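Okay, so here's the structure we're looking at.
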Amino acid sequence: MLRLCWPRQISRFSLANPFVWSSRTLSSSNVPPLTQTSAQWNNLTEAAQEYVRNKFTLCGPKELHICDGSARENEMLLDYLVKRRTIEKLTHSNFENCYLARTDPHDIARVEGKTFVCTKNKSDTVSPVKFGASASLGNWMSEESMDFLLEHKRFPSSMDGRTMYAIPFSMGPVGSPLSKIGIQLTDSPYVVCSMRIMTRMGQAVLDHMKKSNSDFVKCLHSLGRSQGMLDSWPCDPDNTVIAHFPNRNEICSYGSGYGGNSLLGKKCLALRIASTLARKEGWLAEHMLILGLTNPQGRKKYIAAAFPSACGKTNLAMMRPSIPGWKVECVGDDIAWMRFDSNGVLRAINPESGFFGVAPGTSMKTNPYCLNAVRKNTIFTNVASTNVDGLTGIFWEGLEDEVNPEDENIRIAAWNGIRYSPNSDFPGPAAHKNSRFCTPASQLEIIDPAWEDPEGVPIDAILFGGRRPSTIPLVYESFDWTHGVFVGASMRSMATAASIEGSATTRPVHDPFAMKPFFGYSFGKYLHHWLSMRDKPGVKLPKIFHVNWFRTERRRHPHAEEMKEVFLWPGFGENSRVLEWVFKRTDNEDVARSSAIGLMPKHGSLNVKGLDELTADTIEKLFMLPKSEWQLETEKIREFFLNQVGDDMPQEIWDQLDALEQRIEAM
Ligand code: TSX
Ligand code: MN
């Protein structure tokens, strides 16, 4: 018989840890009890030893394991996680070395309300919010109060009975001048295995730290004293807190094992801490994909693009162009670190080494290369599982062509273990909306040859975008850098289903630069920083664009009474047509015409050859600029700037808004 229920609970910590080879006590030797020989301890720099010793004493784990990142270590951790029933191995022949983790149902996403940036003064972290408005661009707590909370309430004995793992990791290629080192301490083996995919982790980083005596970002993570409902997924959802201390390069995350809260190299280090470092050091840490675009003549350009969640950033980063002769290659799907080099060229690296992407919607139609990549060495989280003849596979919404949920021979357990079938009492979704794959970037067949180049790739264009059913055209180009910064600052997008649950919001929300949840310092200062790039001597500024694949129109359903919202643009691989226009513009080809909001494709310059369904009427609708909608848009932008940025706002951005309003009035 199949068991289609919550993974069976086992008593906490009942399984022997397979690592214990030797142990010493912290008090007698000043070295934490180790799972390894003391040689590994001596691999840490003195500063690292001191950090680990302090946090070991604070969190009170039973032992310390310093990760070397080896395949053997990874296998032992995976075996241990299987024994603990945190993960299950996929046995279906489609998969090789793949696992499925099911989390506690209260630990399924990033928790923005419990995420703080902690500085001495509030004004360092958030711009002055207008009286009566609530801050939407980040949470501040004083360093003092947060230190007290963490050191006295959260972390003491939070690792009781568990092993503390020390993960030395590099964001960016080990040793690259653009990279940053971190040491993450965690009591979650799931986090160790995931960090091994998402970052360069282990012995090479320790060696590099010793050799160059490099500084590191201190990252502490604990699942916490478990208050959750599963022994297989300890967590403390009510008391979760994720704290950043930019002044001392430190991150502390308590209570959640979910990737966004626990893989501290990603959002916490590579965006929040890095954006602060970037401001100090004169570069940019951005929530952007990076792709290489080659034209039929073999000339290549690189594009970085910032979209809020649910706009298909990963799909664009790995796109298969529909137009003949064009090629897209992927450098990264989430984060870009960019700086102008000595020749004035903006160079970008992807600081990550894996993809932690949303699973539902990923299909052979929307992202075939990605689907091929996740067949091996992948950790899935909160997708549904299938059982065919006792072999375990996976399913999510979008995989219906691969796995037919109507097939009687396939039994599906939803992400939370409940039996799923499309026609049952439990209609789904089978996979959690925020379920994920965690897969090595090197496995992507269209990974860019230069994706690990320590110098980074040269960026020719920056795209901003959003999910906008109306108002915003398919593509437009900013008049110049300053206008482009204004365009990024003004971004709005329809909230994702997950974030509007319970509220009936259908209005777009402000998400400047797609950085709303990820600013490490105040948005006003961030805008000053972006504007300051213009003033660097000899810089070749990339062109800035805005795209919107999501414009809709109400149409009468064929043979039916009701009206339906239909997308005007086919999207996906057809977006290569927009990228082609962007490519031409970066060559300064004369294919743009001026409008009130920016430069748009000259009539006939957007390549729509072969898009037979797209009528001239629809193309016109894709680029329409309804005056009343744009008047409302600028009103919303002004209200947002006044409420959230106030006096921190650079005058040039106000000037941009005034000028836009005037151009719209003159329309
Ligand atoms: O990722 C998307 N992209 C970018 C692809 C490179 N999505 C999925 C968004 C959720 C993550 C899109 N959805 C895109 C898009 O360009 N466009 C749309 C909207 C859309 C959906 C379906 C169809 C057309 C447009 N057509 C049919 O279903 C037949
Ligand atoms: Mn992201």
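First listed ligand is number 1; within each ligand, the first listed atom is number 1. All figures in this text were calculated on a predicted structure; none of them were measured in a lab.
Contact analysis puts Pro570 in contact with ligand 1, with a non-hydrogen atom separation below 4.0 angstrom.
Every atom of ligand 1 is numbered from 1 in the order shown, and the set under 4.0 Å from a heavy atom of Asn575 is 4 (C), 5 (C), 6 (C), 15 (C), 16 (O). When each atom of ligand 1 is checked for a heavy atom of Phe567 under 4.0 Å away, the hits are 19 (C), 20 (C), 21 (C), 25 (C). Each of the following atoms of ligand 1 lies closer than 4.0 Å to a heavy atom of Gly571: 16 (O). Remark: ligand 1 atoms within the under-4.0 Å shell around heavy atoms of Arg467 are 9 (C), 10 (C).
There is no protein heavy atom less than 4.0 angstrom from atom 29 (C) of ligand 1. For atom 1 (O) of ligand 1, the nearest protein heavy atom lies closer than 4.0 Å. For atom 19 (C) of ligand 1, a protein non-hydrogen atom is found at a distance below 4.0 Å.
Remark: Arg577 engages Glu574 in a salt bridge, criterion side-chain N to carboxylate O under 4.0 Å. A salt bridge is absent between Lys267 and Glu112; no separation between the charged side-chain nitrogens and carboxylate oxygens falls under 4.0 Å. Residues Lys543 and Asp460 are not paired through a salt bridge, judged by the lack of any N-O separation under 4.0 Å between the basic side chain and the carboxylate. In this structure, Glu329 pairs ionically with Lys300, as a charged nitrogen and a carboxylate oxygen lie closer than 4.0 Å. One finds a salt bridge joining Lys180 and Glu281 here, because a Lys/Arg side-chain nitrogen approaches an Asp/Glu carboxylate oxygen to under 4.0 Å.
Comparing Phe307, Trp569, Phe550, Trp549 against atom 25 (C) of ligand 1, the shortest heavy-atom distance belongs to Trp569.
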Item to check | Stepwise ring pair (Phe, Tyr, Trp, His ring centres under 6.0 Å) test for Phe583 and Trp326 | outcome: CA-CA 11 Å; Phe583 191 106; Trp326 289 78; 5.2 Å; yes
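Aromatic rings from Phe545 and Tyr476 are positioned such that their centres are separated by 6.0 Å or more.
Looking at Asn315 against ligand 1, both its backbone and its side chain come within 4.0 Å, counting heavy atoms. Here Phe572 has heavy atoms under 4.0 Å from ligand 1 in both its backbone and its side chain.
Between Lys267 atom NZ and His287 atom NE2, the angle centred on the Mn ion (ligand 2) amounts to 90° (nearest 10°).
Remark: side-chain polar atoms of Glu629 are paired, donor with acceptor, to backbone N or O of Thr471 under 3.5 angstrom.
Leu611 has its side chain within reach of Trp569: a pair of non-hydrogen atoms, C-beta onward, lies under 4.5 Å apart.
Distances from the Mn ion (ligand 2) to each N, O or S atom of Asp334 single out OD1 as the nearest.
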